[in-house]
Every structure is written in C-alpha cells, then in structure tokens.
Amino acid sequence: MKLTLKTLKLQEMVSKAIKGASNNKMIPITSLMAIQWQDGVLTLITTDAANTLKIIDKVEGEEFYVVVQTELFSKLVAKTTTETITLTLKESSLEVKGNGTYNIELPLDEEGQLIKFPDYKFDHKKAEKSVINLSTIKTILNANKAAVAETMEVPCLTGYYFDDKVITTDTFKVCSNEVKVLPRKILLPTDLVELLSIMDEEKVTAEIVKNKILFTTNNVVLYGSELDGIEDYPVEAIEAYVLTEFDSVCKLPKGALLNVLDRLSLFVSEYDKNGVYLTFTTDGVMFSSKRSNGTELIKYQESQNFKAFTCCADIELLKSQVSAQEGEVVEMWYGHEQAIKMVSGKITQIVALLEDDRAMDNGEASES
C-alpha cells in the first residue's frame with residue numbers, strides 16, 4: 001500500500017490530530033495515530049483513551065491503512081520540506097519518503113500483528129441533535145475554563161455543566177454562561193471540551209445518545225463520553241450564589257485592571273496567601289499588597305450606589321477571572337462579605353474572598 005500526499009496538507013492535518021493523543025505511557029493506544037484512506041477521504045485518528053479525534057479531508061489516493069507512533073511520525077512530517085510525501089507500508093515498517101527515505105517501525109499487538117485502531121459505534125438514528133456556533137464554543141472556552149477545578153477532590157467539578165446555561169466552578173471561582181448549547185443536560189470532561197477548539201468551521205453538529213456525545217464538522221469528528229457525577233454537581237447552590245444581591249457596582253477598564261494586578265503581583269508573596277486588598281473609595285478602587293509596599297488606584301469609569309468597602313482576594317484567582325472577561329470594561333459588583341461578582345453580557349463570574357481581619361471591619365474603609 002502506498003499513498004502520496006501534499007506535504008502542507010499532511011502537516012496541517014497531523015498538527016491537529018496530535019492534539020487528540022495524550023501519550024499516556026500506561027495506555028499504549030494514546031501514543032498512536034491511525035492513517036486511513038478510503039473512498040477518497042483521508043482520516044487521521046488519535047485518542048486519549050476517553051475521547052477519539054478524527055481529522056478528515058478529501059485527497060486523491062488509494063486504499064491505505066496503518067497505525068504509527070504519533071510522536072516520531074508527527075515530528076518527521078513537520079520537518080519535511082518537499083512538496084509531497086510518499087507513505088509506503090512495508091512488512092513491519094512505514095516508509096516515509098520526502099527529503100530522504102525513513103522507515104518507522106510499526107507497533108504490534110500481543111499476537112505480533114499490526115495494530116488496528118479501536119473504533120466506536122454511534123447510533124445516529126437515536127441521537128438528540130443540535131447545531132452549535134463555533135463562536136459560542138470559543139466564548140465558553142474563554143470564559144468558563146478559568147473556573148474549572150484542576151484537582152480531583154470533587155471529581156464532577158473538573159467538568160463543564162451544560163443545561164440552559166454552561167457552569168464551571170472550583171468552589172473558589174464560579175462562571176455562569178447564559179447560553180444553551182446542547183440538546184439536553186450533560187456534564188462533559190474538560191479534555192473533551194477543550195478539543196473543540198480544533199474545530200475551524202462555524203457550524204458544529206452535536207449528537208447525544210445515552211452517555212455518549214459526537215461533535216462533527218466537515219473535517220473534524222470528536223467522540224467522547226459524559227463525565228460521571230452530574231447528580232453531585234452543585235447547580236442549585238451556584239445559581240443561588242449567582243442571584244445573590246450585591247450592594248454596589250462599578251465599572252473599571254479591563255486593560256488597566258490587568259496591568260495593575262500584574263504589577264502588584266510582584267509584591268505579593270506566598271506568605272501573603274496570594275492576598276491583595278481591594279478598597280472601594282469615592283474615586284476608584286485602591287489595590288494594595290498586604291504589607292502595603294505596593295498600592296495603586298484605578299479610577300471608576302462608572303459607579304452606582306457607592307459604599308466604602310474593603311475586601312481581600314486571591315490575586316491569581318482574580319487575574320484569571322478578569323482575563324476571561326469579554327469586552328474592554330469590567331463590571332464589578334461588591335459589598336458582599338464572601339465574594340465579588342463580575343458581569344459581562346450573559347457571563348457572570350464570582351470570586352470568593354479571603355478571610356482577613358482588615359477586610360472584616362468595613363465600617364472604617366477609606367472613602368478618599
């Protein structure tokens with residue numbers, strides 16, 4: 001079997017396909033890539049054991065199938081500068097001919113046979129379907145990602161909760177995105193949602209059958225499973241928190257706010273538990289380090305129902321949520337003892353405050 005391809009086309013496809021391979025040394029299949037040509041279509045397939053990614057394109061060729069080590073093959077393809085690459089299946093190796101001729105040893109199964117990549121079955125006839133805009137996916141990834149739990153203390157919080165809104169939380173941060181995306185309620189793992197960033201067409205079809213989900217465009221197919229624990233996801237508590245009333249609201253320039261947090265972070269150490277003070281004054285918000293060796297004022301662009309208030313927040317958590325805000329203006333709600341809230345269109349983000357003696361006494365917060 002032999003296949004000759006345009007080098008740029010193969011490089012483009014391989015650069016996407018490798019994102020689906022997790023290269024987990026404990027699970028050999030996650031380090032492999034299937035290359036298949038059938039009926040005028042070239043398909044590259046990778047997996048992380050939970051999700052399967054297929055990169056598809058119409059190319060001229062002939063019937064071809066091989067499974068190779070992802071890392072070596074992808075690096076060789078990336079370094080090839082000839083106009084075309086020819087892949088030839090030998091008895092126990094794949095010959096790659098471009099600038100030179102290279103033979104890549106092929107992986108074998110337990111019986112010494114060439115490996116066949118496992119495929120999934122999906123019943124399209126029973127699927128619940130919806131069409132998603134890629135722009136919506138990008139908004140979700142930008143806004144919600146910063147609030148996903150990164151540790152497994154509460155496994156369900158490592159996923160994205162989809163219903164009539166998209167919710168993520170790690171208990172310290174909350175993001176509620178008022179957009180309905182999928183045909184029914186489902187909890188999806190982070191790895192699967194992040195792989196959606198590979199899509200490059202505006203319309204993405206989503207299909208759900210039982211606990212399986214399939215995302216499809218003309219050149220990308222992504223298959224995965226629901227994350228366990230949707231019944232444990234604290235939706236009601238989060239929604240109640242999002243609806244909590246805050247006394248006051250102000251608007252701050254996003255760029256200036258991020259710059260201040262960047263500068264101030266130089267003066268916040270681990271001994272401060274990443275804490276930084278926010279003091280809401282009549283003129284603006286005064287940001288200061290716990291040791292007061294760094295202070296800076298950001299003036300309000302707008303202020304409503306001003307009340308003097310001081311709180312202490314984790315500077316890294318705050319930065320991550322401000323960075324995820326859309327637009328150039330941050331609408332910040334304050335006055336609650338446990339959290340501050342930021343709102344941008346349909347996106348609401350909540351950052352839990354740190355307990356601190358100075359912040360507890362808000363009767364003496366500065367007004368000047």
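None of these values were measured; they are calculated from a predicted model.
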Any non-hydrogen side-chain atom of [X] less than 4.5 Å from a side-chain atom of [Y]?
| X | Y | result |
| --- | --- | --- |
| Ile350 | Thr244 | no |
| Pro234 | Leu157 | yes |
| Leu214 | Tyr120 | yes |
| Thr158 | Met152 | yes |
| Leu196 | Ile140 | no |
| Met33 | Ile18 | yes |
| Val285 | Tyr300 | yes |
| Phe117 | Thr47 | yes |

Taking only residues two or more places apart in sequence, or in another chain, which ones meet Glu83 in a side chain to side chain contact (heavy atoms under 4.5 Å, CB included)?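 If we apply the side chain to side chain contact (heavy atoms under 4.5 Å, CB included) test to Glu83, skipping adjacent residues, the hits are Lys6.
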Using only heavy-atom distances, determine whether the side chains of Asn23 and Glu71 contain a donor-acceptor pair under 3.5 Å.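 Per modelled atom types, Asn23 and Glu71 side chains form no pair under 3.5 Å.
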Distance-only polar pair, side chains of Thr4 and Thr86, donor-acceptor under 3.5 Å: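 Note: Thr4 and Thr86 side chains meet the donor-acceptor criterion.
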Over all heavy atoms of both residues, which pair between [X] and [Y] is shortest? Give the atoms and the distance, please.
| X | Y | value |
| --- | --- | --- |
| Tyr233 | Gly159 | OH-O, 4.1 Å |
| Asn51 | Asp48 | N-OD1, 2.6 Å |
| Gly98 | Thr80 | CA-CG2, 4.2 Å |
| Leu94 | Val68 | CD2-CG1, 3.6 Å |
| Lys129 | Pro183 | O-CB, 3.9 Å |
| Met13 | Leu42 | CE-O, 3.6 Å |

Flag the pair Lys116 and Asp109 as a salt bridge only when some basic side-chain nitrogen lies within less than 4.0 angstrom of an acidic carboxylate oxygen.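 Judged by the 4.0 Å cut-off on N to carboxylate O distance, Lys116 and Asp109 do not form a salt bridge.
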Other residues, nucleotides, ligands: >12 heavy atoms within 6.0 Å of [X] [atom1]:
| X | atom1 | result |
| --- | --- | --- |
| Glu60 | CD | no |
| Lys180 | NZ | yes |
| Glu201 | CD | yes |
| Asp228 | CG | no |
| Phe64 | CZ | yes |
| Lys97 | NZ | no |

If Ile, Leu, Val, Met, Phe, Trp and Tyr residues are connected whenever their side-chain heavy atoms lie under 4.5 Å apart, and connections chain through other members, are [X] and [Y] in the same group?
| X | Y | result |
| --- | --- | --- |
| Val209 | Phe215 | no |
| Phe306 | Trp333 | no |
| Tyr161 | Ile208 | no |
| Tyr277 | Phe267 | no |
| Tyr241 | Leu317 | no |

For Val329 and Glu302, what are the C-alpha separation, side-chain angles and deciding distance, and is it a side-chain contact (heavy atoms from CB on, under 4.5 Å)? CA-CA 10 Å; Val329 178; Glu302 189 179 314; over 6 Å; no
Any side-chain hydrogen bond (donor to acceptor under 3.5 Å, both in side chains) involving residues 144-155? Give me the pairs, sequence neighbours left out, ordered by first then second residue.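 Applying side-chain hydrogen bond (donor to acceptor under 3.5 Å, both in side chains) to every pair that reaches into residues 144-155, excluding sequence neighbours, yields Asn144-Thr168, Asn144-Asn177, Thr151-Glu153.
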Classify the ring geometry of Phe246 against His336: parallel below 30°, tilted from 30° to 60°, perpendicular beyond 60°.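 It falls in the tilted class, 30° to 60°.
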Which class fits the ring pair Phe309 and Phe280: parallel under 30°, tilted 30 to 60°, perpendicular over 60°?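 Answer is tilted, since the angle falls between 30° and 60°.
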Calculate, to the nearest 0.5 Å, the distance between atoms [atom1] and [atom2] belonging to [X] and [Y] respectively.
| X | Y | atom1 | atom2 | value |
| --- | --- | --- | --- | --- |
| Gln321 | Ile347 | CD | CD1 | 10.5 Å |
| Lys346 | Thr139 | NZ | OG1 | 10.0 Å |
| Lys173 | Asp314 | NZ | CG | 8.0 Å |

List the steps, then state whether side chain to side chain donor-acceptor pair (under 3.5 Å) holds for Ser135 with Glu202. CA-CA 7 Å; Ser135 53; Glu202 179 58 19; 3.1 Å; yes
Chi angles and distances behind the salt bridge (charged side-chain N to carboxylate O under 4.0 Å, His left out) call for Asp119, Lys54: CA-CA 11 Å; Asp119 205 358; Lys54 294 183 177 181; 3.5 Å; yes
Sort and list the pairs that fulfil salt bridge (Lys or Arg N to Asp or Glu O under 4.0 Å) and have at least one residue in residues 323-334, not counting sequence neighbours.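 Those involving residues 323-334 do not exist here.
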